[in-house]
Peer 1: 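Before we start, here is the structure in question, set down as structure tokens.
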Amino acid sequence: MGCTPEGVANALRGAAAVIAEHRAELIELDRAIGDGDHGENMNRGFQAIVAALDGTVPDTPGGVLKLAATTLISKVGGAAGPLYGTAFLRASTVVSNQPELGAAEVVAALRAGLEGVQARGKAVEGDKTMVDALLPAVMAAEKAGGQDVAAVLAAAAEGAAGGAESTVDLVARKGRASYLGERSAGHLDPGARSTALLLEAFAKAAR
């Protein structure tokens, strides 16, 4: 089964609920190595996406992703808005006006999102950022690409969870956390954690 516009909208609604549920956790993670606003910013952004979708659901999956992108870019402060906004925007561009997304399109959207984040944030694997969750997610999704959408997203979620966990031991080389140097080690990166939460929510919606 492919992803319809309503299916993508429902996945975003599910993601908003998960972010709301983990808002305090993301705030605490960011307080340890950042400026403490990641949970609040992500929650505000995803609640705004839900409000926009309650108004109208665009008639293509790409349109839904673009709505999410523009909402995040306009509503979310800090690094999260531009980075996640760019990810959704690149994903929407690569799937363009297709009426429904299959596994191959979902993989392409994930890959485009990763490339957007890296182009925008200049982060590579090992920098202790959301890329450490998103890169293994994309690689896992590509490996599962011959299966259905649910299998692709389940693989991506698993890759992201492992990648996020790997950031605990890393020393931050990007963003505000990098100012802490060695002291940033021992903490889970909030952006990697929110990436893993989103992909888990998308996988759940696909199931």
Side-chain angles (χ1 to χ4, degrees), residues 15-16 18-46 68-69 72-73 75-91 107 109-144 153-203:
V18 167
I19 292 294
E21 190 186 323
H22 290 270
R23 183 184 75 95
E25 179 200 343
L26 292 172
I27 288 171
E28 283 308 312
L29 289 174
D30 197 29
R31 199 169 275 156
I33 57 172
D35 46 15
D37 63 356
H38 187 64
E40 196 52 65
N41 285 342
M42 289 294 288
N43 188 47
R44 184 188 316 121
F46 274 84
L72 290 174
I73 290 167
K75 300 280 185 202
V76 180
L83 289 170
Y84 276 115
T86 300
F88 280 111
L89 198 56
R90 291 285 187 97
V107 171
L110 288 168
R111 166 61 68 182
L114 168 66
E115 288 169 358
V117 167
Q118 289 194 287
R120 185 87 199 222
K122 307 285 183 276
V124 296
E125 190 176 17
D127 280 347
K128 197 179 179 101
T129 70
M130 63 191 284
V131 169
D132 290 301
L134 200 47
L135 183 65
V138 170
M139 288 167 71
E142 287 175 343
K143 208 177 262 184
L153 286 171
E158 197 174 317
E165 208 48 54
S166 78
T167 64
V168 172
D169 298 329
L170 297 173
V171 172
R173 297 194 295 243
K174 285 278 172 199
R176 194 174 282 260
S178 64
Y179 304 159
L180 295 174
E182 297 289 333
R183 285 180 299 141
S184 63
H187 297 281
L188 184 66
D189 180 70
R193 175 66 175 144
S194 61
T195 296
L197 287 171
L198 290 179
L199 284 165
E200 179 51 48
F202 295 158

Peer 1: Please report the interatomic distance CG(Leu153) to CD(Glu200), rounded to the nearest 0.5 Å.
Peer 2: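 The CG atom of Leu153 sits 10.0 Å away from the CD atom of Glu200.
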Peer 1: From Leu170 CG over to Asp127 CG, what is the distance, rounded to the nearest 0.5 angstrom?
Peer 2: 9.0 Å
Peer 1: Mind listing the closest non-hydrogen atom pair of Gly36 and Ile27 along with its distance?
Peer 2: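 Heavy atoms of Gly36 and Ile27 come nearest at O-CG2, 3.6 Å.
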Peer 1: Quick check: closest heavy atoms across Ala140 and Ala155, and the distance to 0.1 Å?
Peer 2: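 Answer, listing the atom of Ala140 first, then Ala155: CB-O, 3.3 Å.
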Peer 1: For the residue pair Leu26 and Gly39, what are the closest heavy atoms and their distance?
Peer 2: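 Shortest heavy-atom separation between Leu26 and Gly39 comes out as CB-CA, 3.5 Å.
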Peer 1: Mind checking the CD1-CE spacing from Ile19 to Met42? Nearest 0.5 Å is all I need.
Peer 2: 4.0 Å
Peer 1: Given Asp189, which of Val131, Thr167, Asp132 fulfils the side-chain contact (heavy atoms from CB on, under 4.5 Å) condition?
Peer 2: Thr167
Peer 1: Are the side chains of Met130 and Val117 in contact, using a 4.5 Å heavy-atom criterion?
Peer 2: yes
Peer 1: Any side-chain heavy atom of Lys174 within less than 4.5 Å of one from Lys122?
Peer 2: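 With C-beta onward as the side chain, the pair touches.
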Peer 1: Using 0.5 Å steps for rounding, measure from the CG atom of Leu197 to the CD atom of Glu25.
Peer 2: 6.0 Å
Peer 1: Run the side chain to side chain contact (heavy atoms under 4.5 Å, CB included) check on Lys128 and Ile33 step by step: do they pass?
Peer 2: CA-CA 11 Å; Lys128 197 179 179 101; Ile33 57 172; 3.8 Å; yes
Peer 1: Would Glu40 and Arg23 pass as an ion pair if we require N to O under 4.0 Å?
Peer 2: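 A salt bridge is present here (some side-chain N lies under 4.0 Å from a carboxylate O).
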Peer 1: Taking atom CD of Glu115 and atom OG1 of Thr86, what is their separation to the nearest 0.5 Å?
Peer 2: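 So the CD of Glu115 and the OG1 of Thr86 are separated by 13.0 Å.
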Peer 1: I want to check something: taking the side chain as every heavy atom from C-beta on, are His187 and Val168 in contact at a cut-off of under 4.5 Å?
Peer 2: no
Peer 1: Give a yes or no on whether the backbone of Leu180 and the side-chain of Ser184 come within a donor-acceptor separation of less than 3.5 Å.
Peer 2: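 No, the answer is negative, given that no donor and acceptor are paired below the 3.5 Å cut-off.
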Peer 1: Distance from Gln118 atom CD to Arg90 atom CZ, nearest 0.5 Å?
Peer 2: 10.5 Å
Peer 1: To check you understand the geometry: which heavy-atom pair defines the closest contact between Ala133 and Ala192, and what is its length?
Peer 2: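 Result for this residue pair: CB-O, 3.5 Å.
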Peer 1: Looking at side-chain heavy atoms only, is the closest gap between Tyr84 and Ser194 below 4.5 Å?
Peer 2: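 Side-chain contact under 4.5 Å: yes.
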Peer 1: Any heavy-atom pair between the side chains of Leu72 and Leu83 that's under 4.5 Å?
Peer 2: no
Peer 1: Does any non-hydrogen side-chain atom of His22 lie less than 4.5 Å from one of Arg193?
Peer 2: yes
Peer 1: Tell me the closest heavy-atom pair linking Ala160 and Leu199, and the distance in Å.
Peer 2: CB-CD1, 3.7 Å
Peer 1: Counting C-beta onward and ignoring hydrogens, is there a side-chain heavy-atom pair between Val18 and Leu198 closer than 4.5 Å?
Peer 2: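 Val18 vs Leu198: side chains apart.
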Peer 1: To check you understand the geometry: which heavy-atom pair defines the closest contact between Val76 and Pro82, and what is its length?
Peer 2: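 Heavy atoms of Val76 and Pro82 come nearest at O-CD, 4.4 Å.
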